[in-house]
Amino acid sequence: MLLTPWTLARVFLPVREPEIDIPPAWAAKERATAPMTVIGPAIPLTILGGKEQAHLNYHPKLGHYLIQPLIQSMAQFNTPDEAFKAWNDVIKIRDKAIEEQKKRCEWQHEVSRREFFAKLTRRASLKH
């Protein structure tokens with residue numbers, strides 16, 4: 001996580017050459033002499049099983065890296081702790097929603113005895 005006066009972002013620094021398609025204009029040789037760009041092209045990612053995207057960037061000392069803006073304006077926060085708390089609240093809400101979705105799987109759906117037996121008797125009457 002990187003907190004600056006203007007944004008909170010996730011930064012992905014690879015430990016090896018990233019296995020992503022790098023656009024020709026973003027090749028290391030091209031970017032070494034290009035002017036600094038705050039946010040590059042969006043690259044699709046799979047993070048913890050979910051589909052997300054991050055933006056490709058390049059720095060001569062770091063090489064290619066990805067940046068994912070999380071909070072794009074720090075204006076409403078007075079302290080770094082407030083910004084991190086806001087992001088943690090987002091994560092809690094997301095995790096709760098994921099748990100609720102898992103609970104709503106059709107094959108896991110709770111059914112009352114009346115509903116269960118109504119379905120069985122309906123099937124039995126259709127067979128006769």
Side-chain angles (χ1 to χ4, degrees):
M1 301 286 268
L2 174 66
L3 179 65
T4 68
W6 55 90
T7 190
L8 173 64
R10 236 185 237 146
V11 178
F12 300 91
L13 296 167
V15 293
R16 64 188 184 310
E17 188 67 30
E19 296 176 15
I20 56 176
D21 292 327
I22 296 174
W26 280 84
K29 187 170 56 172
E30 299 295 323
R31 296 311 303 168
T33 57
M36 176 63 184
T37 301
V38 175
I39 197 161
I43 304 290
L45 294 175
T46 301
I47 300 174
L48 300 174
K51 301 283 184 205
E52 297 190 32
Q53 68 178 8
H55 296 273
L56 183 64
N57 278 292
Y58 179 83
H59 187 277
K61 291 184 181 179
L62 299 174
H64 285 99
Y65 63 95
L66 297 169
I67 189 163
Q68 185 181 43
L70 302 174
I71 301 175
Q72 297 187 20
S73 172
M74 295 287 109
Q76 70 263 27
F77 306 112
N78 295 314
T79 67
D81 288 338
E82 287 180 14
F84 283 114
K85 182 187 177 316
W87 183 247
N88 286 333
D89 290 345
V90 168
I91 296 299
K92 285 178 191 171
I93 291 168
R94 184 205 62 197
D95 289 348
K96 185 177 178 182
I98 289 169
E99 282 303 311
E100 288 298 316
Q101 285 177 348
K102 287 179 185 176
K103 288 180 184 175
R104 280 188 250 137
C105 289
E106 282 301 313
W107 60 272
Q108 289 182 329
H109 206 30
E110 285 187 36
V111 178
S112 73
R113 279 190 276 198
R114 181 178 292 156
E115 289 173 307
F116 178 75
F117 287 114
K119 287 180 183 179
L120 285 178
T121 56
R122 210 175 309 129
R123 284 187 196 148
S125 66
L126 292 174
K127 289 182 181 178
H128 297 311

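Not measured: the values here are computed from a predicted model.
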Task: Common cluster, Leu13/Leu2, ILVMFWY with side-chain heavy-atom separation under 4.5 Å - done: yes
Task: Pairs where residues 54-81 contributes a residue and the test salt bridge (Lys or Arg N to Asp or Glu O under 4.0 Å) is met, not counting sequence neighbours - done: none
Task: Value rounded to 0.5 Å, distance of CD in Gln72 from CG in Leu8 - done: 10.5 Å
Open item on the list: According to ring-ring contact (aromatic ring centres under 6.0 Å, His included), who are the partners of Tyr58, at least two apart in sequence or on a separate chain?
Closed with: His64
Open item on the list: Can you list everything that forms a side-chain contact (heavy atoms from CB on, under 4.5 Å) with Asn88? Sequence neighbours excluded, please.
Closed with: none
Open item on the list: Is there a path of hydrophobic side-chain contacts, each under 4.5 Å between heavy atoms, that joins Ile67 and Leu62?
Closed with: yes
Which donor-acceptor pairs under 3.5 Å do side chains of residues 40-56 form with protein atoms, sequence neighbours excluded?
from: Thr46; atom 1: OG1; to: Lys51; atom 2: NZ; distance (Å): 3.4
from: Glu52; atom 1: OE1; to: Gln68; atom 2: NE2; distance (Å): 2.6
from: His55; atom 1: ND1; to: Gly40; atom 2: O; distance (Å): 2.9

Task: Remaining members of hydrophobic cluster (4.5 Å side-chain criterion), Val15 - done: none
Kindly list each side-chain donor-acceptor pair under 3.5 angstrom involving residues 20-39, sequence neighbours excluded, with atom names and distances?
from: Arg31; atom 1: NH2; to: Pro35; atom 2: O; distance (Å): 3.2
from: Arg31; atom 1: NH2; to: Thr37; atom 2: OG1; distance (Å): 2.9

Open item on the list: Are Tyr65 and Met1 linked, directly or through intermediate hydrophobic residues, by side-chain heavy-atom contacts shorter than 4.5 Å (ILVMFWY only)?
Closed with: no
Open item on the list: Per the ring pair (Phe, Tyr, Trp, His ring centres under 6.0 Å) rule, what does the pair list look like for residues 77-96, sequence neighbours excluded?
Closed with: none
Task: Minimum heavy-atom distance Met74-Thr4, with the two atoms named - done: CG-O, 3.6 Å
- [ ] With rounding to the nearest 0.5 Å, note down the distance linking NZ in Lys92 to NZ in Lys85.
- [x] 6.5 Å
